[in-house]
Amino acid sequence: MTRIVQQISAELAMSAVFAVLCALLAPVTADPRAVNCSQVKDAFRDLGYSPARVPTEETAGDDLQVCAPQRSCCNAEMEENFVQRSSRDFEKLMDDTSEELRDAFMTGHKRFDEFFLELLESTERSLNEMFLRTYGKPYLQNAEVFQGLFAELKRYYTGGNVNLEEMLNDFWMRLLERMFQLLNSQYLITEDYLECIGKYVEELKPFGDVPKKLKSQVTRAFIAARTFVQGLMVGREVANRVSTVTMSSACVSGFTKMLYCSYCQGLFTLKPCNNYCLNVMKGCLANQADLDPEWSKYIDAMLLVTERLEGPFNIESVMEPIDVKISEAIMNMQENSMQLSYQVFQGCGQPKPSGMSRSARGVFSPYSPEELPTAAAATRLDRLVTDVKEKLKKFRKFWSSLPEAFCQEEHVAAAESTEDDCWNGHEKGRYVPEVLKDGLTNQVNNPEVGVDISRPDTLIRQQIMALKVMSTKLKNAYDGNDIYFQDSNDDSSASGSGSGCTETCVTESDSFITDAPVQEAEKTDETSSACIIQPNLLLLVLSALALREHWR
């Protein structure tokens, strides 16, 4: 019995020893939560950084400020690299996403401006060639009257403070004075006598209905053309300035956490969850989203003016046959010269003889039928308008759609279908918080980016006001009305483009666009970008009154 007990004890002892040996020899099971820092080191190197400072083993992450303090292969130096890289990534992403918008407005402004200026030049050249061929010496002796007309039209278009109706009235008055003198060269026509003739213009209508019709057509067409080009310029400047966004420290932290904190846990192959990305971007771009309502109204106003450019206010269809219309008016006066002179003599008295013989009745030769030009179809303007309309419609909701544009799968975020296989800011898994609405006031409880909703971005508020003022001008242009602002320097208005130096300075101060530096990509805008005028209190009052009157 004793022997049996001893044998059992010996077997138990051997089993215990064997169990201890097995335990000692068994492989150590790794903690499933442990991070492989060698892989993180490789990924860090792939980003272009030196892997020398990457920890060889995971740490508690207590020195991290942005990435959650948990088991980590990152240290403070790596995190700072991620923060700097995030700022550059955000700026590039903003630049890439807004490039098409900025290019559309820059190109559109350049094309329309060049077209309108070329149209003015070609119309003047056509009138000069045809009048010289048809009227000869009498035209040469009075060519400055017509040159003055085109100079004033160009001055208006390029930003000059020109009242179109008054300018056109002056043109017809000057033409009347010159023709009256030519048709009555046997008399001495003094300045006082010419002033007397002016009193009877409305009654006599020496040029028939041409001045009235042309004044209406030219005025509406030039208001629409100039205002539309100004609108393209304002859109371009707003796009440039708002696209150059300054990130808040909270935004930088949120963006860094979204893009790079996954590296610290070895999850660098995961993209951020789509909803997670949306909340980060809605926080970072809250102020840009607030631009959207006024931007949409501005786009709608621009589209309204395109209807006028295509239809009754088509500047091409107005300007190309202008030489024929003016010649028609000249012929009308010449045909009725005897009756006209008689009526003037009745009202202003018989002028003294000049000692010269009376000129031949036919001072001007009428057009031969083969010399009558036909107005070309407005094909080029139609193409320009069609192209810009498509782009305007495309970018109507641009600013509120930025978060979605940033978070597309090909850019930053994971596909919506992989909501369980993405980086949620803490680990691999579903992102639980709901996606917030757009705009500053909706970010009060943004779980990813701390946003101070009590401090709207000043630059964005200025661009909103710029768009409001421009929309008012566009709506007035749609109705054929102009909003006049006093130029700061009329002498400079004839240089530059349709939004030349004078008008640009006025537009920028009227519209409250900031003087933030903007990189200009086109030579034609060098003049306009050189002007800097601070907002003027008087213009502020005028703009406010204009807005109030419009919305009454």
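Along the sequence shown, residues are numbered consecutively beginning with 1.
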**Q** Does any non-hydrogen side-chain atom of F131 lie less than 4.5 Å from one of I326?
**A** yes
**Q** Do L194 and Q181 have side chains that get closer than 4.5 Å, going by heavy atoms?
**A** yes
**Q** To the nearest 0.5 Å, tell me how far M302 CE sits from L232 CG.
**A** 4.0 Å
**Q** Tell me whether E416 at atom CD has more than 12 heavy atoms from other residues, nucleotides or ligands lying less than 6.0 Å away.
**A** no
**Q** Checking R226 against Y156: charged group under 6.0 Å from the ring centre and within 45 degrees of the axis?
**A** yes
**Q** If you apply the rule side chain to side chain donor-acceptor pair (under 3.5 Å), what do you find for E448 with Y431, and how did you get there?
**A** CA-CA 12 Å; E448 311 305 335; Y431 181 74; 2.6 Å; yes
**Q** Of T107, D95, N240, which is the lone residue that meets side chain to side chain donor-acceptor pair (under 3.5 Å) with R102?
**A** D95
**Q** Testing the basics here: between C407 and M281, what is the closest heavy-atom pair and its distance to 0.1 Å?
**A** SG-CG, 3.7 Å
**Q** Please give me the minimum heavy-atom distance between V451 and G283, naming the atom from each residue.
**A** CG2-O, 3.7 Å
**Q** For side-chain contact (heavy atoms from CB on, under 4.5 Å), just list the numbers for T256 and V252, CA-CA rounded to whole Å, side-chain angles, deciding distance to a tenth of an Å, and then say yes or no.
**A** CA-CA 6 Å; T256 302; V252 173; 4.0 Å; yes
**Q** Within the distance-only criterion (no hydrogens, no angle test), does the side chain of D482 pair as donor or acceptor with the backbone N or O of A477 below 3.5 angstrom?
**A** no
**Q** Flag this pair as yes if the NZ/CZ of R308 is under 6.0 angstrom from the six-membered ring centre of Y478 and inside a 45 degree cone about the axis; otherwise no.
**A** yes
**Q** Can a donor-acceptor pair be found, under 3.5 Å and without considering hydrogens, that links the side chain of S122 to the backbone of L119?
**A** yes
**Q** Would a distance-only check, ignoring hydrogens and angles, find a side-chain to backbone donor-acceptor pair under 3.5 Å from D438 to K282?
**A** no
**Q** Could you pull out the closest heavy-atom pair between P447 and P433, with the gap in Å?
**A** CG-CB, 4.1 Å
**Q** Quick one: does S401's side chain have a donor or acceptor within less than 3.5 Å of a partner on F398's backbone?
**A** yes
**Q** How long is the span from the CD1 atom in I330 to the CG atom in L175, to the nearest 0.5 Å?
**A** 5.0 Å
**Q** A side-chain contact here means heavy atoms from C-beta on lying under 4.5 Å apart; do F313 and V318 qualify?
**A** no
**Q** Say whether, by atom type as modelled, one donor and one acceptor occur between the side chain of W295 and the main chain of F395 under 3.5 angstrom.
**A** yes
**Q** With a 3.5 Å distance limit and no angle check, can you tell me whether D387 reaches the backbone of R383 through a side-chain donor-acceptor pair?
**A** no
**Q** Would you call K212 and E202 a salt bridge, using N to O less than 4.0 angstrom?
**A** no
**Q** Under a 3.5 Å cutoff, is there a donor and acceptor pairing between the side chains of Q217 and K325?
**A** yes
**Q** Does the Q147 side chain pair with the main chain of N128, one donor and one acceptor, at a distance under 3.5 Å?
**A** no
**Q** Taking C-beta and beyond as the side chain, do V344 and Y200 meet within less than 4.5 Å on heavy atoms?
**A** no
**Q** Taking E100 first and then K394, would you say they form a salt bridge - that is, a charged N and a carboxylate O separated by under 4.0 Å?
**A** yes
**Q** Atom CE in M258, atom SG in C277: separation rounded to 0.5 Å?
**A** 4.0 Å
**Q** Between L392 and F105, is there a side-chain heavy-atom distance shorter than 4.5 Å?
**A** yes
**Q** Does some side-chain heavy atom of D457 sit less than 4.5 Å from a side-chain heavy atom of R461?
**A** no
**Q** Should L120 and L153 count as side-chain neighbours, where that means a heavy-atom distance under 4.5 Å?
**A** yes
**Q** Please check if the side chain of S248 supplies one atom and the backbone of C251 the other of a donor-acceptor pair under 3.5 Å.
**A** yes
**Q** In sequence, state the C-alpha distance, the side-chain angles, and the governing distance for F150 and I322, and then conclude on side-chain contact (heavy atoms from CB on, under 4.5 Å).
**A** CA-CA 11 Å; F150 283 96; I322 197 170; 4.3 Å; yes
**Q** Starting at CG of L309, measure out to NZ of K389 and round the result to the nearest 0.5 Å.
**A** 10.0 Å
**Q** Under a plain distance cut-off of 3.5 Å, with no hydrogens placed, do N142 and Y135 share a side-chain donor-acceptor pair?
**A** no
**Q** Taking NZ in K215 as the centre, count heavy atoms belonging to other residues, nucleotides or ligands within less than 6.0 Å. Is the count above 12?
**A** yes
**Q** Mark yes or no for whether D292, through its side chain, and Q288, through its backbone, hold a donor-acceptor pair below 3.5 Å.
**A** no
**Q** Determine yes or no for a side-chain-to-main-chain donor-acceptor pair under 3.5 angstrom, with T472 supplying the side chain and K468 the backbone.
**A** yes
**Q** Look up atom OG in S327 and atom CG in N332, then write down how far apart they are to the nearest 0.5 Å.
**A** 11.0 Å
**Q** How far apart are the closest heavy atoms of L440 and I453, and which atoms are they?
**A** O-CG2, 3.0 Å
**Q** As an exercise, state the distance from CG of N445 to CG of N279, rounded to the nearest 0.5 Å.
**A** 11.0 Å
**Q** For E195, does the CD atom sit with more than 12 other heavy atoms under 6.0 Å from it, leaving out its own atoms?
**A** no
**Q** Anything under 30° is parallel, anything over 60° is perpendicular, the rest tilted; go ahead and classify F90 against F255.
**A** perpendicular
**Q** Thinking salt bridges, do R125 and E121 make one under a 4.0 Å N-O criterion?
**A** no
**Q** Which pair of non-hydrogen atoms, one from E294 and one from I464, has the smallest distance, and what is that distance?
**A** CG-O, 3.6 Å
**Q** Check the surroundings of atom NZ in K397: do more than 12 heavy atoms from other residues, nucleotides or ligands lie under 6.0 Å from it?
**A** yes
**Q** Where do M106 and D103 land on the side-chain contact (heavy atoms from CB on, under 4.5 Å) test, with the steps shown first?
**A** CA-CA 5 Å; M106 182 184 72; D103 181 68; 3.9 Å; yes
**Q** Kindly indicate, with the supporting measurements, whether the criterion side-chain contact (heavy atoms from CB on, under 4.5 Å) is fulfilled by L381 and N314.
**A** CA-CA 8 Å; L381 181 58; N314 186 315; 3.3 Å; yes
**Q** How about F116 and F222: do any of their side-chain heavy atoms sit closer than 4.5 Å?
**A** no
**Q** In terms of side-chain geometry, is the basic nitrogen of R174 or E177 positioned less than 4.0 Å from the acidic oxygen of its partner?
**A** no
**Q** For T123 and M319, work out which heavy atoms get closest and say how close.
**A** CG2-O, 3.0 Å
